[in-house]
Amino acid sequence: MRKKIVAGNWKMNLDYQQGVTLFSEIVNMAKDEVMGDQQVVVCSPFIHLHSIFQMAKGATHVAIGAQNVYFEDAGAYTGEVSAAQVKSAGAAYVILGHSERRAYFHEDDHMLSKKVDAVLKQELTPIFCIGETQEERESDRYFDIIKKQLKNGVFHLPNDAFGHVILAYEPVWAIGTGLTASPEQAQEVHAFIRNEIANQYNAHIAEDTTILYGGSCNPKNAPELFSQTDIDGGLIGGASLKSRDFIDIVKVFNS
Ligand code: PEP
C-alpha cells in the first residue's frame, strides 16, 4: 500500500520565530486532530530545520523536510547546503525539481538527477516535482514534457532506489496562481505518470509509488482531488503557511 502524504512547502517565507510558532501550531493540531496513517511533512527553509525537528520529536504524524540541497557531499561551494547537512539537522525529505528552482535557478534535468542521487545516498526521501507550463499545456505537449522530466530526472535509478522516490505533479500554471487543475485534469496526468512507471519498472512498483498533486490546493478543493484513484496526497504551498488550512487539508485523509 502506498503512503498518503501531505507536504507543506513554506518556500522563502517566515523569519525564524514565525516559523517556530507556525510549526508549534501544526504539531499541536496534528496531535489532536489527525487520525489515520497519513504522513505530514513540513519543508521549511534551512534556518528552521533543526529547531522544528526537535519540536517534532514524539509527534507521530509529522516529519521534516528541506526544499533543496546541492549534489556534492562537501567542500568549497559557498552558500550551498548538502544532503548530509540537512540530514544532520533532522530532515527526512527533500523537495527537488520544484518549478521555481527550475525557472529561477536554472536547475536542469541533468543537475536534478545528480541531486536525486545525493539525497538517496543519504537515505533521505526526495519529493521530485514535475509539471508543464501553461504554454506546454495549451499546445498539448504536457505528456511529452512530463515523460522527459521523469526519464531524465529519476528513471536512471534502479528498482530499489526508485522505490524511495515520491513524485509530485505540479502544473506550473497552477502554482501560487489560485488556478487549480480540475480533479479530472490532475487524475489524467497522475494515471499517465503511474503508467510510465509501470513501463519503466513494473506494475508493482508503479502501484506502490506515492504521487502528490500540487498547485493551489486548499481545504475546499483537496477532498475531491485526493479522492482520485491516482492522487496520494498533496504538496501545499500557500495554504501550508496557515496552520488551520494546512491541518484541514491533512484531515482529508482522516480515517
Ligand atoms: C508549491 O509551491 O509547491 C505549491 C503547490 O504552491 P501553491 O500551493 O501555493 O500553489
Side-chain angles (χ1 to χ4, degrees), residues 4-14 18-19 22-23 26 38-46 48 63-69 86 91 93-107 112 115-116 119 125-134 136-137 142 145-146 149-150 153-154 165-183 185-187 189-190 193 210-226 228 230-253:
K4 303 288 183 196
I5 297 176
V6 177
N9 173 14
W10 287 358
K11 312 195 187 195
M12 198 176 71
N13 291 302
L14 310 173
Q18 289 168 331
L22 173 61
F23 191 77
I26 289 171
Q38 67 270 54
Q39 174 76 63
V40 183
V41 182
V42 172
C43 298
S44 75
F46 295 128
H48 303 104
I64 306 305
Q67 299 170 20
N68 178 37
V69 290
V86 300
Y93 293 79
V94 182
I95 297 173
L96 291 175
H98 193 282
S99 60
E100 288 152 15
R101 294 217 58 91
R102 291 178 190 260
Y104 306 144
F105 303 99
H106 313 294
E107 296 196 359
L112 290 171
K115 291 191 174 197
V116 168
V119 163
T125 301
I127 301 175
F128 189 77
C129 304
I130 53 180
E132 79 285 0
T133 63
Q134 180 147 26
E136 288 160 351
R137 173 155 284 262
Y142 53 105
I145 297 297
I146 286 157
Q149 290 170 338
L150 286 169
V154 287
V165 173
I166 291 169
L167 295 172
Y169 169 56
E170 298 211 307
V172 181
W173 47 272
I175 296 179
T177 57
L179 289 176
T180 319
S182 68
Q185 283 174 319
Q187 167 57 28
V189 176
H190 280 236
I193 293 169
T210 295
I211 310 175
L212 309 180
Y213 167 78
S216 299
C217 213
N218 60 44
K220 273 213 176 97
N221 59 32
E224 213 185 332
L225 284 162
F226 294 178
Q228 303 301 310
D230 290 296
I231 300 183
D232 307 310
L235 181 54
I236 319 295
S240 74
L241 296 170
K242 296 184 196 127
S243 50
R244 182 71 271 154
D245 284 0
F246 185 56
I247 291 298
D248 282 349
I249 295 171
V250 174
K251 283 168 67 181
V252 170
F253 288 121

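In what follows, every heavy atom counts, from backbone to side chain, and hydrogens, waters and symmetry copies are set aside. Atoms within each ligand, like the ligands themselves, are counted from 1 in listed order.
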Enquirer: Considering only heavy atoms of Gly237, which atoms of ligand 1 have at least one such atom less than 4.0 Å away?
Expert: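 Counting from 1, the qualifying ligand atoms are 4 (C), 5 (C), 6 (O), 7 (P), 8 (O), 9 (O).
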
Enquirer: For ligand 1, find out whether one of its N or O atoms is nearer than 3.5 Å to an N or O atom of Thr177.
Expert: no

Enquirer: Can you check whether Gly176 has an N/O within less than 3.5 Å of an N/O in ligand 1?
Expert: yes

Enquirer: Which residue holds the protein heavy atom closest to atom 9 (O) of ligand 1, what is that atom called, and what is the gap in Å?
Expert: Gly238 N, 2.8 Å

Enquirer: Could you pull out the closest heavy-atom pair between Ala174 and Tyr213, with the gap in Å?
Expert: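 Nearest pair, atom of Ala174 first, then Tyr213: CB-OH, 3.8 Å.
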
Enquirer: Does the side chain of Thr180 reach to within under 4.5 Å of the side chain of Cys217, using non-hydrogen atoms?
Expert: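 Answer no - side chains too far apart.
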
Enquirer: Show me the pairs that pass salt bridge (charged side-chain N to carboxylate O under 4.0 Å, His left out) and involve residues 233-244, at least two apart or across chains.
Expert: Glu33-Arg244, Arg244-Asp248

Enquirer: Classify the ring geometry between Phe253 and Phe226 as parallel (under 30°), tilted (30 to 60°) or perpendicular (over 60°).
Expert: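 Rings of Phe253 and Phe226: parallel, as their planes differ by under 30°.
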
Enquirer: Using a 4.0 Å cutoff against the non-hydrogen atoms of Gly215, which atoms of ligand 1 qualify?
Expert: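 Those qualifying, in numeric order: 5 (C), 10 (O).
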
Enquirer: How far does SG of Cys43 sit from CG of Asn68, to the nearest 0.5 angstrom?
Expert: 11.5 Å

Enquirer: Looking at atom 3 (O) of ligand 1, what's its closest protein heavy atom, distance included?
Expert: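 Result: Glu170 OE2, 2.7 Å.
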
Enquirer: Under a 4.0 angstrom heavy-atom cut-off, which atoms of ligand 1 come close to Lys11?
Expert: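 Result: 1 (C), 2 (O), 6 (O).
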
Enquirer: Relative to the heavy atoms of Leu235, which atoms of ligand 1 are at a distance of less than 4.0 Å?
Expert: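 Counting from 1, the qualifying ligand atoms are 3 (O), 5 (C).
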
Enquirer: Testing Val165, Val116, Ile127, Val154 one by one against Leu96 for a side chain to side chain contact (heavy atoms under 4.5 Å, CB included), which residue passes?
Expert: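 Exactly one option meets the side chain to side chain contact (heavy atoms under 4.5 Å, CB included) with Leu96, and it is Val116.
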
Enquirer: Does the Gln149 side chain pair with the main chain of Gly131, one donor and one acceptor, at a distance under 3.5 Å?
Expert: yes

Enquirer: Please list, in number order, the atoms of ligand 1 under 4.0 Å from a heavy atom of His98.
Expert: 1 (C), 2 (O), 3 (O)

Enquirer: Taking a cutoff of less than 4.0 Å between a non-hydrogen atom of the residue and any ligand atom, is Ala174 in contact with ligand 1?
Expert: yes

Enquirer: Pick one of side chain, backbone, both or neither for how Asn9 approaches ligand 1, counting any non-hydrogen atom pair under 4.0 Å.
Expert: side chain

Enquirer: To the nearest 0.5 Å, what is the distance between CD1 on Ile26 and OG on Ser240?
Expert: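 Between atom CD1 of Ile26 and atom OG of Ser240 there are 7.0 Å.
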
